[in-house]
Amino acid sequence: MLRSKFYLIILLFFSGSMFSCMGPERPEPPKDLIPEDYYVDLLIDMQHIKTWRNVEPDSVNADSLKQLIYQRYDVTEAQFLSSHTYYQQQIEQQLIRIDEVIRRLEAERDYIQAHIDSLKDLQTGQDSLSVIDK
């Protein structure tokens, strides 16, 4: 009885080990895979369109902008979607790519905010000068 349990445990251990080594198959990249750096740039531009669409919900213009972005990167929508699907299947690497997108979008936001602030400072400075002139 004890011996049969021992063999059962050994059998379960080895079969579990074999299945864990097999793991999920790594998907094959599409033939027209967009290089990762272009893909990240595309995601940033697509996020710009998404943000613009939230502010100005005119889908015709947003779709036109998407087509311009595809032309800019010399890719098709199907190529972007197949590359996006492939990259999304690599969960850990995709999280790194998304972190990069977020980092770059935040840097753009900070850059724009700094310019807005400097324009406000200029405007405030001009307003104070006009008060002195009077």
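Residue numbers run from 1 in the order of the sequence given. All figures in this text were calculated on a predicted structure; none of them were measured in a lab.
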Quiz item: Quick one: do Leu68 and Leu43 end up in the same hydrophobic cluster if we chain Ile, Leu, Val, Met, Phe, Trp and Tyr together by side-chain heavy atoms under 4.5 Å apart?
Solution: yes
Quiz prompt | Pairs involving residues 94-123, ordered by first then second residue, that meet ring pair (Phe, Tyr, Trp, His ring centres under 6.0 Å) (sequence neighbours left out) | solution = Tyr111-His115
Quiz item: Do Leu81 and Ile69 belong together in a cluster built from hydrophobic side chains that touch within less than 4.5 Å?
Solution: yes
Practice problem: Under the salt bridge (charged side-chain N to carboxylate O under 4.0 Å, His left out) rule, collect the residues that match up with Asp32, sequence neighbours excluded. | Solution: none
Quiz item: Take atom CD1 in Ile116; do more than 12 heavy atoms of anything else shown fall under 6.0 Å from it?
Solution: yes
Less than 3.5 Å apart, which donor and acceptor atoms pair up between the side chains of residues 93-100 and the rest of the protein, not counting sequence neighbours?
{"residue": "Gln94", "atom": "OE1", "partner": "Arg97", "partner atom": "NE", "Å": "2.7"}
{"residue": "Gln94", "atom": "OE1", "partner": "Arg97", "partner atom": "NH2", "Å": "3.2"}
{"residue": "Gln94", "atom": "NE2", "partner": "Tyr39", "partner atom": "OH", "Å": "2.9"}
{"residue": "Arg97", "atom": "NH1", "partner": "Glu36", "partner atom": "OE2", "Å": "3.3"}
{"residue": "Arg97", "atom": "NH2", "partner": "Tyr87", "partner atom": "O", "Å": "3.0"}
{"residue": "Arg97", "atom": "NH2", "partner": "Gln90", "partner atom": "OE1", "Å": "3.3"}
{"residue": "Glu100", "atom": "OE1", "partner": "Arg103", "partner atom": "NE", "Å": "3.1"}
{"residue": "Glu100", "atom": "OE1", "partner": "Arg103", "partner atom": "NH2", "Å": "3.4"}
{"residue": "Glu100", "atom": "OE2", "partner": "Arg103", "partner atom": "NH2", "Å": "2.7"}

Quiz item: Relative to the ring of Tyr38, is the ring of Tyr73 parallel (under 30°), tilted (30 to 60°) or perpendicular (over 60°)?
Solution: perpendicular
Quiz item: Do you know the tightest heavy-atom contact between Trp52 and Leu65?
Solution: CE3-CD1, 3.9 Å
Quiz item: For Asp63 and Gln67, does a side-chain donor sit closer than 3.5 Å to a side-chain acceptor?
Solution: no
Quiz item: In Å, rounded to the nearest 0.5 Å, how long is the span from NZ of Lys31 to CD of Gln79?
Solution: 13.5 Å
Quiz item: Above 12 or not: heavy atoms from other molecules or residues under 6.0 Å from OH of Tyr86?
Solution: yes
Self-check item: All side chain to side chain donor-acceptor pair (under 3.5 Å) counterparts of Gln71, not counting sequence neighbours
Solution: none
Quiz item: Nearest 0.5 Å, what's the OG1-CD1 distance between Thr76 and Ile34?
Solution: 7.5 Å
Quiz prompt | All side chain to side chain donor-acceptor pair (under 3.5 Å) counterparts of Asn54, not counting sequence neighbours | solution = none
Practice problem: Measure the spacing between OG of Ser118 and NZ of Lys120 and express it to the nearest 0.5 Å. | Solution: 10.5 Å
Quiz item: Counting heavy atoms not belonging to Glu28, are there more than 12 under 6.0 Å from its CD?
Solution: no
Practice problem: Measure the CG-CG distance between Asp117 and Leu122 for me, rounded to the nearest 0.5 Å. | Solution: 11.5 Å
Quiz item: Could you give the distance from CZ (Arg72) to CG (Asp41), rounded to the nearest 0.5 Å?
Solution: 7.5 Å
Practice problem: Go through the structure and list residues passing side chain to side chain contact (heavy atoms under 4.5 Å, CB included) with Ile44, not counting sequence neighbours. | Solution: Val40, His48, Val101, Arg104, Leu105, Glu108
Practice problem: Examine distances only and state if a side-chain atom of Ser82 and a backbone atom of Pro30 form a donor-acceptor pair shorter than 3.5 Å. | Solution: no
